[in-house]
Amino acid sequence: MRTVRIACTAAWLAAAIPSTVMAEDPRPRAWTARWVAPAGASAFDVGVHHFRRVFTLPAAPTRFVVHVTADQRYQLFVNGTRVAVGPARGDLSAWPYDSLDLAPWLRQGDNVLAAVVWNFGALAPLAQQTWQTGFMVQGDAEAEAAASTPTGWTAMTSRAWTLLPVDAGMVRGYWAAGPGERVDGAAYPWGWEQLSFDASAWAPVQPGPPASPREARDAASRHMLVPRDLPMMEARIDRLPRLRLRDSAAVPEGFPNVPADVHVGPNSRMRLLLDRTELTTAYPELDVSGGAGGRVTLRYAEALFLGARGNDKGHRDEVRGKTFAGYGDEFLPDGGARRTFRPLWWRTFRYVEVTIHTAGDPLVLHDIRSVYTGYPFAQTARFAAGRADLDRLMAVGWHTARLCAHETYMDCPYYEQLQYAGDSRIQSLVSYYMSGDGRLARQAIRALDASRTPEGLTFSRAPSRLPQYIPPFSLWWIAMVHDYWRYQDDAAFVKAQLPGVRAVLTYFAGRQQPDGLLAGVGWWNFVDWTEAWPHGVPPVGARGESAPQDLQLLLAYQAAADLEQALGTPAQAEVWRGAATRLQDAIRRTYWQPERRLFADVADGASLSQHTQALALLAGIVDPAQRAPLAERMLTDADLVPASIYFKYYVHQAVVRAGLGDRYLDLLGEWRRMLDLGLTTWAEKAEPTRSDAHAWGASPNVEFLRTILGVDSVAPGFARVGITPHLGALTEVRGRVPHPKGFVDVTLTRRDDRLDAQITLPAGVSGDLFWHGQRYPLRSGLQRVSTR
C-alpha cells in the first residue's frame with residue numbers, strides 16, 4: 001500500500017494542518033481493532049472525552065500508518081502535536097475513516113497518541129450523523145499494532161465542557177449549526193496530550209464492537225467504514241486585523257493584528273469589538289494568563305444590526321450605533337499561565353465581540369487569533385478583462401464559495417451548514433470552473449443518493465439527522481449528476497447513479513396526471529425565495545398544476561435520457577424521451593398565454609414569473625424565432641414575479657440560451673448592490689437578509705468563464721470543448737478554464753465584429769469556436785483564429 005504523509009510543523013499554533021492526499025488504497029490488511037469508549041460514559045448523551053495510548057518504539061519509524069475514526073468527531077495528537085481532525089461527515093452506511101502516516105512525529109523510545117472525542121448529543125449540528133459515542137484506531141499492519149484500540153488505551157470524561165444552546169432569536173434566523181461551548185479551565189486536564197502528563201488515574205477504555213468495513217459479511221457495528229475520499233481541510237493562521245470598538249484605553253497599538261499583552265485589572269470588565277474585515281470560517285484561539293474566577297465571552301456575527309429586531313444590517317463596515325447579535329463561547333480561566341481556549345468546532349464570523357469579566361485575579365490577554373479552515377480548493381481558473389469591478393465580483397464569489405465548502409458543501413456557514421441539492425448544484429459548477437476539483441461534488445451526489453427513501457425522493461439536504469423533502473431538489477440532484485457527467489471524466493461513477501435517477505423519476509411519474517402534468521407532489525415544493533411566493537412555493541392551479549414544477553420535471557427527463565443513452569439502457573432513454581414529449585406538449589397547451597406571449601405559472605394565467613419563462617427556455621420548448629423576444633419580455637415585464645439571487649442563475653442561463661448572452665454583464669445589479677453595502681460574500685437574498693454568505697450567489701464565477709469567455713463542455717467528460725464568447729461591451733478578455741486533461745487557455749480581442757482569438761486546448765482534445773453564427777474548428781495545442 002502506498003501512503004502519502006501529512007506534513008506539519010511541530011507546533012499547531014505556529015502552523016496549521018496543511019491539506020493532505022490520502023493513500024491510494026487506504027484499506028488495512030485486516031480489521032482487528034474495536035470501537036472503544038470511556039468506561040461508564042453515556043453512549044448517546046453529550047460528552048467530551050480524552051483518550052491516551054503510550055507505547056515504545058525501538059527506533060524512529062519511516063512509516064507508521066493508522067486508520068482512525070470516531071463518533072461524532074475527533075482530534076488526534078502525536079507527542080503533543082495535533083495532526084488530524086475528523087472524520088469527514090458521512091452517514092452510518094458509509095462512515096469515513098482517516099488513513100494517516102504518523103512517522104514524522106514519532107521517535108525512538110516512548111511515544112503518546114492522544115485524542116479528544118466528542119458527542120454533542122441532540123445539540124450537534126443537524127448535518128452531523130451519529131449512532132453512539134466511540135473511537136477507533138486500527139494499526140495498518142504488525143508494525144503499527146501497538147496503536148490499535150483497545151489494548152493499552154485509557155480514557156477520561158472531561159468535566160470542563162458545557163454546551164450553550166443557540167436559538168433562532170439569538171441569531172435572528174433558523175439555526176442548525178450546533179451549540180456554543182463553555183470550558184471551565186479549573187476542570188480542564190491541561191497537558192493531557194503530552195507524554196509527560198500523569199494519566200495514572202485514567203481508566204482503561206471500555207471495548208465495543210469490532211470495526212467493520214462496508215460490505216463486510218456480517219456487520220458488527222452500525223458504522224460501516226469506508227476510506228475517506230476527501231483531502232483534509234485546509235488550516236492556516238488567520239489574524240483579526242482591526243479593533244473597531246473598545247471601552248478601555250489599555251489596549252496596545254496594533255492589537256489584535258499583532259499579539260500584545262492586554263491587562264485587565266481585578267473586578268473589571270472590558271469589551272472589544274474585533275473586525276476580520278471579511279467573513280471567514282475559522283477556529284478562534286484565545287491565549288490568557290491569570291483571571292481565576294473570571295469569564296471571557298466570545299460572540300460571533302456576520303454583521304451588526306440596525307435595530308433590536310429584524311435583519312436590517314445596513315452597510316457591513318459600519319459599527320457605530322448598531323446592535324451585536326450572535327452566538328458564542330465562554331472560557332472560565334483557572335488562573336494558570338498561557339492558557340489557550342479553542343472550541344472543538346469552527347465558527348463563522350466577520351465580527352468578534354470579546355467581553356472579559358474578572359473577579360479578584362487580574363487577567364492578561366496575550367493574543368486572540370483564528371485558524372482558517374475549509375475545503376482545500378486551489379483556484380486554477382483565470383479571468384481578466386481589464387476591469388477592476390469584474391475582478392472584485394470574481395474574488396467575492398470565490399471567497400463565498402470557499403466559505404461554503406468544508407467536508408460537505410454548505411448552504412451557509414453561519415446558520416445551517418447543510419448540503420442542499422439546489423445550492424450544491426450551483427456550488428459544484430463553481431468548483432468545476434474555478435478549480436477543476438470534482439471530489440466535493442462527487443461526495444455531494446453520493447450523499448444525496450444515499451438519502452433516498454423507498455419512494456424514490458432524496459432528502460433536500462444530506463447528510464442530515466432530520467428528514468426534509470423538497471421534491472424539486474431531487475430533480476436538481478439529477479441535474480447535478482448530468483453536470484458531473486459533462487465536466488468530469490468519471491463515467492463509472494455517473495453510471496452508478498442511474499438507479500437513483502430512475503427512482504426519483506419513478507416517484508414523479510406516480511404523481512403525473514393523464515396528460516403528464518404533476519399534481520399532489522407532496523412535501524415542500526420550494527423553488528425560490530421570492531416575496532410573492534409563501535415559503536418559496538409557486539402557485540398551484542385548480543387541477544394541482546404548477547408550471548415551475550412541470551418544467552423542472554421536463555428538464556430532469558431530458559437529462560436522464562442523455563445519461564441512459566450514454567451509460568445505461570437505450571430502451572430506458574426512449575421511455576424518458578417519451579415522457580418528456582408528452583409533458584412538453586401538455587405544458588405548451590396549458591400554460592402558454594398567447595395574448596401575453598408568456599408562459600403562466602398556472603393554467604388560468606393568474607400568475608406569471610421569470611422562473612417559468614427561464615425554465616421554458618432552458619427546456620427548449622420555445623420556437624427558435626421566439627426565444628429572444630421571450631427572454632426580452634422575461635427581463636422587462638414588470639408583472640412577472642422576479643427571481644431572487646439563487647434563481648437568477650437559471651434566468652441568466654436562459655438569456656444566454658435565447659441568444660442574448662451579450663446582455664449578461666448588464667444583469668448583475670443585485671451583486672453590485674451587495675458590494676455597495678460592504679458585503680464580502682454573496683447574501684442569501686436581497687436585503688434584508690438572514691445569511692450574508694450563500695454560495696448559490698457565486699454563479700457569476702461560472703458565467704464569467706462559460707458565458708463571457710465562452711468555454712463550455714459539449715461532450716461527456718469535457719471530451720470536446722465549445723467556445724462561444726459573449727463579450728458585451730468588452731473588447732479584450734483572457735482566461736483559463738481547468739479541464740480533466742489540463743487547461744483551456746483563451747485570449748480574445750474584438751475589433752468591431754471581428755474576433756482575434758488565441759486558444760490552447762489540452763492534448764487529445766478538440767473543439768470549435770463559434771462567433772456570429774460561424775464555426776471555426778479547433779485542435780489540441782496552441783492556435784490562432786481570426787474571424788472574417
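All of these numbers come straight from a predicted model, not from anything done at the bench.
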Check against side-chain hydrogen bond (donor to acceptor under 3.5 Å, both in side chains), Q443 and Q419: CA-CA 10 Å; Q443 167 278 137; Q419 184 167 248; 2.9 Å; yes
CA sep, side-chain torsions, deciding dist, call: S766, R720, side-chain hydrogen bond (donor to acceptor under 3.5 Å, both in side chains): CA-CA 6 Å; S766 60; R720 190 168 179 83; 2.7 Å; yes
Candidate pair W592 and R597, rule side-chain contact (heavy atoms from CB on, under 4.5 Å), full reasoning: CA-CA 7 Å; W592 179 249; R597 292 179 298 160; 4.1 Å; yes
L505 and W576: CA distance, side-chain angles, deciding distance, side-chain contact (heavy atoms from CB on, under 4.5 Å) verdict: CA-CA 9 Å; L505 291 178; W576 298 144; 3.6 Å; yes
Derivation of the side-chain hydrogen bond (donor to acceptor under 3.5 Å, both in side chains) call for S93 and D91: CA-CA 5 Å; S93 65; D91 60 66; 2.4 Å; yes
Pair E703-Y649, side-chain contact (heavy atoms from CB on, under 4.5 Å): steps then yes or no: CA-CA 9 Å; E703 302 313 336; Y649 168 76; 3.4 Å; yes
Working for ring-ring contact (aromatic ring centres under 6.0 Å, His included), residues H482 and W476: CA-CA 10 Å; H482 193 270; W476 286 142; over 10 Å; no
Trace of the side-chain contact (heavy atoms from CB on, under 4.5 Å) decision for L727 with L709: CA-CA 7 Å; L727 303 184; L709 192 66; over 6 Å; no
Working for side-chain hydrogen bond (donor to acceptor under 3.5 Å, both in side chains), residues Q513 and R543: CA-CA 9 Å; Q513 302 177 68; R543 292 176 50 211; 3.0 Å; yes
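Pairs engaging residues 647-656 under the salt bridge (Lys or Arg N to Asp or Glu O under 4.0 Å) rule: none recorded [sequence neighbours left out]. Applying the ring pair (Phe, Tyr, Trp, His ring centres under 6.0 Å) rule to pairs touching residues 612-634 yields nothing, sequence neighbours excluded. Sorted by first and then second residue, the pairs that involve residues 558-568 and meet salt bridge (Lys or Arg N to Asp or Glu O under 4.0 Å), not counting sequence neighbours, are R502-E564. Within the structure, salt bridge (Lys or Arg N to Asp or Glu O under 4.0 Å) pairs that include any residue of residues 616-632 comprise E632-R663 (at least two apart or interchain). Judged as a salt bridge (Lys or Arg N to Asp or Glu O under 4.0 Å), the pairs with a partner in residues 569-580 (not counting sequence neighbours) are, in order, E574-R577.
Closest heavy-atom contact between A381 and P738: CB-CD, 4.0 Å.
The existence of a salt bridge linking R582 and D585 is excluded, since no basic side-chain nitrogen approaches an acidic carboxylate oxygen closer than 4.0 Å. Between R461 and D423 there is no salt bridge, since none of the side-chain N atoms of the basic residue sits less than 4.0 Å from a carboxylate O of the acidic one. For the pair D229 and R439, the salt-bridge criterion is not met [side-chain N within less than 4.0 Å of a carboxylate O].
The closest side-chain heavy-atom distance from Q379 to S435 is not below 4.5 Å. At least one side-chain heavy atom of Y484 sits less than 4.5 Å from a side-chain heavy atom of Y432. Residues L517 and L583 meet the side-chain proximity criterion, which asks for heavy atoms closer than 4.5 Å. Annotation: side chain of R89 is not in contact with side chain of Q129 (no heavy-atom distance under 4.5 Å). With contacts defined as side-chain heavy-atom distances shorter than 4.5 Å, the pair P471/F526 does not qualify. By the 4.5 Å heavy-atom criterion applied to side chains, I708 and F383 are counted as neighbours. By the 4.5 Å heavy-atom criterion applied to side chains, L126 and S464 are counted as neighbours. Side-chain contact between L608 and V641 is absent, with no heavy-atom pair separated by less than 4.5 Å.
Residues meeting the salt bridge (charged side-chain N to carboxylate O under 4.0 Å, His left out) test with D745, sequence neighbours left out: R736. By the salt bridge (charged side-chain N to carboxylate O under 4.0 Å, His left out) test, D489 is found to be paired with no residue, residues two or more places apart in sequence or in another chain being considered. R402 meets the side chain to side chain donor-acceptor pair (under 3.5 Å) test with E234, Y372; sequence neighbours excluded. Considering only residues two or more places apart in sequence or on other chains, R775 meets the salt bridge (charged side-chain N to carboxylate O under 4.0 Å, His left out) condition with D768. Contacts of Y487 classified as side chain to side chain donor-acceptor pair (under 3.5 Å), with partners at least two apart in sequence or in another chain: R706, D712. For E531, the salt bridge (charged side-chain N to carboxylate O under 4.0 Å, His left out) criterion is met by K685, not counting sequence neighbours. Listed by chain and residue number, R673 satisfy the side chain to side chain donor-acceptor pair (under 3.5 Å) test with E670 (two or more places apart in sequence, or in another chain).
Atom CG of L457 sits about 10.0 Å away from atom CZ of R452, to the nearest 0.5 Å. Here the straight-line distance linking atom CZ of F508 with atom OG1 of T506 works out to 11.0 Å at 0.5 Å rounding. Once rounded to the nearest 0.5 Å, the distance linking OG of S546 with CG of L551 reads 9.0 Å. Summarising the geometry, atom CG belonging to L403 is positioned 16.0 Å from atom OH belonging to Y375; distances are rounded to the nearest 0.5 Å. One distance of note links CG of L429 with OG of S424; it measures 11.0 Å at 0.5 Å rounding. A distance of 11.5 Å separates CG of L475 from CD1 of I470, quoted to the nearest 0.5 Å.
Between the side chains of T612 and D601, a donor-acceptor pair is found at a separation under 3.5 Å.
Surrounding NE2 of H535 are at most 12 heavy atoms belonging to other residues, nucleotides or ligands under 6.0 Å away.
Between the Q610 side chain and the M634 main chain, a donor and an acceptor come within less than 3.5 Å of each other. Judged by distance alone, the side chain of S474 and the main-chain N or O of T458 form a donor-acceptor pair under 3.5 Å. R228 contributes a side-chain N or O that, together with a main-chain N or O of L230, makes up a donor-acceptor pair within less than 3.5 Å.
A distance of 6.0 Å or more separates the ring centres of Y415 and Y174.
Between Y664 and F704, the angle of the ring planes goes over 60°, which puts this pair in the perpendicular group of the 30/60° scheme. Under the 30°/60° scheme for interplanar angles, the aromatic rings of Y650 and Y646 are found to stand perpendicular. Between F473 and Y420, the ring planes are perpendicular. Angles over 60° get that label, and only those under 30° would be called parallel.
Evaluated for a side-chain contact (heavy atoms from CB on, under 4.5 Å) with L618, the options Q613, Q558, Q552, Q653 yield exactly one hit, Q653.
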